[in-house]
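The block underneath contains the structure these notes are about, expressed in structure tokens.
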Amino acid sequence: MNIRTLLSQYVSHAMQAAGIPAECPPIIAPSKKAGFGDYQANGAMGAAKAMKAKPRDIAQQIVEQLGSNDDFNQMVSNIDIAGPGFINITLAPEWLSNEISAINQDTNLGIHTDTTETIVVDYSSPNLAKEMHVGHLRSTIIGDAIVRTLEFQGHQVIRQNHVGDWGTQFGMLIAELEEQLQEGESASLALKDLESFYQSSKKHFDESESFADKARDYVVKLQSGDESVLALWQQFREVSLTHSQEIYDALNVTLTPNDIYGESAYNQDLAPLVEELKQQGLATEDQGAQVVFLEEMADKDGNPSPVIIQKQGGGFLYATTDLASLRYRSNTLNADRILYFIDARQSLHMQQVFTVARKAKFVKENVSLEHHAFGTMMGNDGKPFKTRTGGTVKLADLLVEATERAQKLVADKNPELSPSECAEIARKVGIGAVKYADLSKTRTNDYVFNWETMLSFEGNTAPYLQYAYTRIKSIFRKAAEQTSIDVHTLSSSISLQETAELALAIKTLQFSEVIEQTSREAYPHLLCTYLYDLAGIFMRFYEQCPILKEGVSSDTQKSRLQLSLAVANTLHTGLSLLGIETMEKM
RNA sequence: GCGCCCGUAGCUCAGCUGGAUAGAGCAUCCGCCUUCUAAGCGGACGGUCAGAGGUUCGAAUCCUCUCGGGCGCGCCA
């Protein structure tokens with residue numbers, strides 16, 4: 001059930017019945033101010049313009065038509081016209097009560113999608129040559145939040161972790177690994193610190209001519225399938241993937257080894273793909289390289305935009321691999337939508353690859369190709385986020401620090417918790433805070449990373465939402481103790497009277513609208529804003545509408561408990577879609 | 001030079017297909033715990049929506065220009 005969709009349908013029908021052209025949209029939106037009803041229909045003004053009539057007259061006709069719709073009348077308790085032609089709609093308390101009861105009976109909170117799609121999502125995609133750092137955080141957690149949301153809606157989601165496990169740098173890394181193995185190291189020990197391993201191999205490469213020659217030789221052997229080199233590569237890859245998986249597990253990200261489909265997977269496709277582009281006349285030789293020139297992306301002077309798909313000397317580039325992956329995802333995985341969560345700096349590249357893929361018919365015509373870009377993670381100084389010494393911040397270190405900081409705060413706020421409870425809560429709070437701080441900002445902007453605001457745990461933060469949830473759970477425990485009420489089995493009728501109750505019910509029922517918009521636009525911050533609003537409205541309800549205190553009638557208790565249950569389920573589900581865990585106490 | 005993104009309160013950010021008096025949090029100040037967890041609630045203070053034109057019943061939102069900041073632009077990914 002989606003209030004906005006329902007009202008759009010009703011008002012749309014009414015408009016057509018009033019003789020308004022079908023092109024005129026009803027424009028339904030939640031009202032921003034108290035006194036303007038719960039929802040407003042703003043379509044009368046536009047319709048009046050198209051029909052050269054007076055807006056208020058049009059609004060009046062729409063309202064009259066709505067009056068003959070029984071379903072609408074059941075849903076709405078009041079409707080009036082204001083200002084130049086706004087139609088303000090107040091929802092009926094009885095209808096809201098029934099809907100709250102309905103979502104309490106539904107494990108999916110009333111969210112059911114009629115047309116499900118196959119959606120391929122490319123996210124995280126770290127380079128295996130190095131350890132995961134903060135630069136990978138945004139793609140990983142934003143992508144994961146959208147994946148979870150799409151799956152919740154019932155779509156078939158195929159995760160694609162397009163890891164960087166191929167290319168020239170691996171010759172160097174394999175040569176280094178071979179040397180260290182000969183010195184008696186085990187692979188996992190040599191690669192314990194990937195970052196310093198990379199540094200030492202780079203140093204080796206720069207300083208030793210013979211080592212550099214060997215590294216270059218290994219690149220060739222690797223690509224031609226030499227068994228011993230391939231075996232070394234395999235070892236390196238395994239250890240690095242284990243590192244990544246540890247991060248995913250710590251971050252509560254749903255990626256698993258099954259989702260790995262890296263650059264190396266397309267190795268055999270690259271030469272034929274270039275050949276095909278040549279045969280189609282799209283790729284031409286230019287300065288020894290194979291280049292596709294895109295007239296549709298030409299600059300002002302008409303110079304076409306060049307995309308190099310094969311280097312002088314025969315090597316392939318990431319544009320080639322990305323084209324191969326697009327073809328695979330469209331034709332083999334049968335995607336309806338293909339989503340990429342990649343840094344905004346690659347916007348031009350993505351646009352080029354999409355354009356080439358369409359021209360070459362590597363993807364089906366109706367597949368939706370979407371680059372969902374995001375900005376850079378900045379430090380307090382407004383420059384890209386680095387350690388004090390200027391190095392990249394490892395994700396592993398970041399997560400440890402978040403948990404430690406949370407541990408201190410949790411122990412301080414609630415000394416009565418046992419050490420194990422405290423540790424578990426600190427983990428969920430710390431990791432949740434890091435993720436939420438990122439997810440709650442519009443992803444297209446750069447994002448300023450700040451421990452203080454993130455872990456202050458006040459305002460629009462994960463702990464605020466988690467706290468709201470624990471408050472509700474605490475009431476439920478108390479209800480069971482004091483009155484033997486099991487909230488989950490209540491089925492008595494809900495009665496909404498207080499302003500705080502009505503506001504809370506409406507906000508709770510708007511969950512499906514937000515889910516729909518979040519997955520369509522791939523903006524997790526919409527869900528965050530919603531959950532923060534919901535938690536805030538609950539906090540006000542909590543202050544104003546006592547449940548288990550003296551003098552509250554049994555009927556009111558049961559009614560408010562059921563409303564609280566709907567809120568708790570919504571908070572829990574919403575946070576879990578963001579990949580943030582909840583707890584019973586904090 | 002060309003292209004993309006951004007500019008909203010002291011700070012960090014919302015503002016949904018153009019809608020009514022531009023909203024939160026932090027910070028500052030003032031209230032509220034013998035009553036369901038005060039990691040909370042209420043109130044005050046705080047804005048030429050970078051600037052200038054334009055489109056119209058109506059613009060933070062759309063168009064043009066200017067200023068300021070970030071990023072990208074054929075053989076790294």
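The chains referred to below are lettered A, B, ... by the order of the sequence lines, with proteins before strands, and numbering in each begins at 1.
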Pairs under 3.5 Å (Watson-Crick or G-U), crossing ones as [ ], inter-strand ones as |: RNA chain B comes out as (((((.(..((((.....[...)))).(((((.......))))).....(((((..]....)))))).)))))....

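Under the side-chain contact (heavy atoms from CB on, under 4.5 Å) criterion, E421(A) pairs with L417(A), S418(A), K585(A), sequence neighbours left out. For Y532(A), the ring-ring contact (aromatic ring centres under 6.0 Å, His included) test picks out Y464(A), with sequence neighbours left out. The salt bridge (Lys or Arg N to Asp or Glu O under 4.0 Å) check on D486(A) picks up nothing, with sequence neighbours excluded. Applying the side-chain contact (heavy atoms from CB on, under 4.5 Å) criterion to R216(A), with sequence neighbours excluded, gives F205(A), E209(A), A212(A), D213(A). Every residue two or more places apart in sequence or in another chain that forms a side-chain contact (heavy atoms from CB on, under 4.5 Å) with V487(A) is listed here: F476(A), L561(A), L565(A).
Taking the ring centroids of Y340(A) and F354(A), they lie under the 6.0 Å cut-off.
For residues 536-549 of chain A, there are no salt bridge (Lys or Arg N to Asp or Glu O under 4.0 Å) pairs, not counting sequence neighbours. Among residues at least two apart or in separate chains, there is no salt bridge (Lys or Arg N to Asp or Glu O under 4.0 Å) pair with a member in residues 460-471 of chain A.
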Between N or O atoms, less than 3.5 Å apart, protein on one side and nucleotides 42-47 of chain B on the other: list the pairs.
| unit_1 | atom_1 | unit_2 | atom_2 | d |
| --- | --- | --- | --- | --- |
| rG42(B) | OP1 | R540(A) | NE | 3.1 |

Show the distances under 3.5 angstrom between N or O atoms of the protein and N or O atoms of nucleotides 31-33 of chain B.
none

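The side chain of K478(A) places an N or O atom within less than 4.0 Å of a non-bridging phosphate oxygen (OP1 or OP2) of rU37(B). Using a 4.0 Å cut-off, some side-chain N or O of Y464(A) falls inside it from OP1 or OP2 of rC41(B).
Contacts between residues 549-564 of chain A and RNA chain B, defined by a heavy-atom separation under 4.0 Å, are made by K549(A).
Within the 4.5 Å cutoff, side-chain heavy atoms of I81(A) are placed close to those of Q60(A).
If you check rC75(B), rC41(B), rC36(B) against the side chain of M539(A), the one that comes closest is rC41(B).
Between L128(A) atom CG and rA77(B) atom P there is a gap of 15 Å when expressed in whole angstrom units. R345(A) has its CZ atom 17 Å from the C1' atom of rG3(B), to the nearest Å. One can place CG of L548(A) at 13 Å from C1' of rU37(B), the figure rounded to the nearest angstrom.
Taking the syn range as angles within 90° of 0, the glycosidic angle of rC32(B) is outside it, so the base is anti.
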Its contact letters, B for base, S for sugar-phosphate only and - for none at protein heavy atoms under 4.0 Å, make nucleotides 13-26 of chain B read SSSBB-BBS-SSSS

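Remark: of the listed residues D438(A), D343(A), D446(A), D438(A) is the sole one forming a salt bridge (Lys or Arg N to Asp or Glu O under 4.0 Å) with R138(A).
Checked by distance alone, Y467(A) brings no side-chain donor or acceptor within 3.5 Å of a matching partner on the base of rA39(B).
A distance of about 30 Å separates the P atoms of rC26(B) and rC62(B), rounded to the whole Å.
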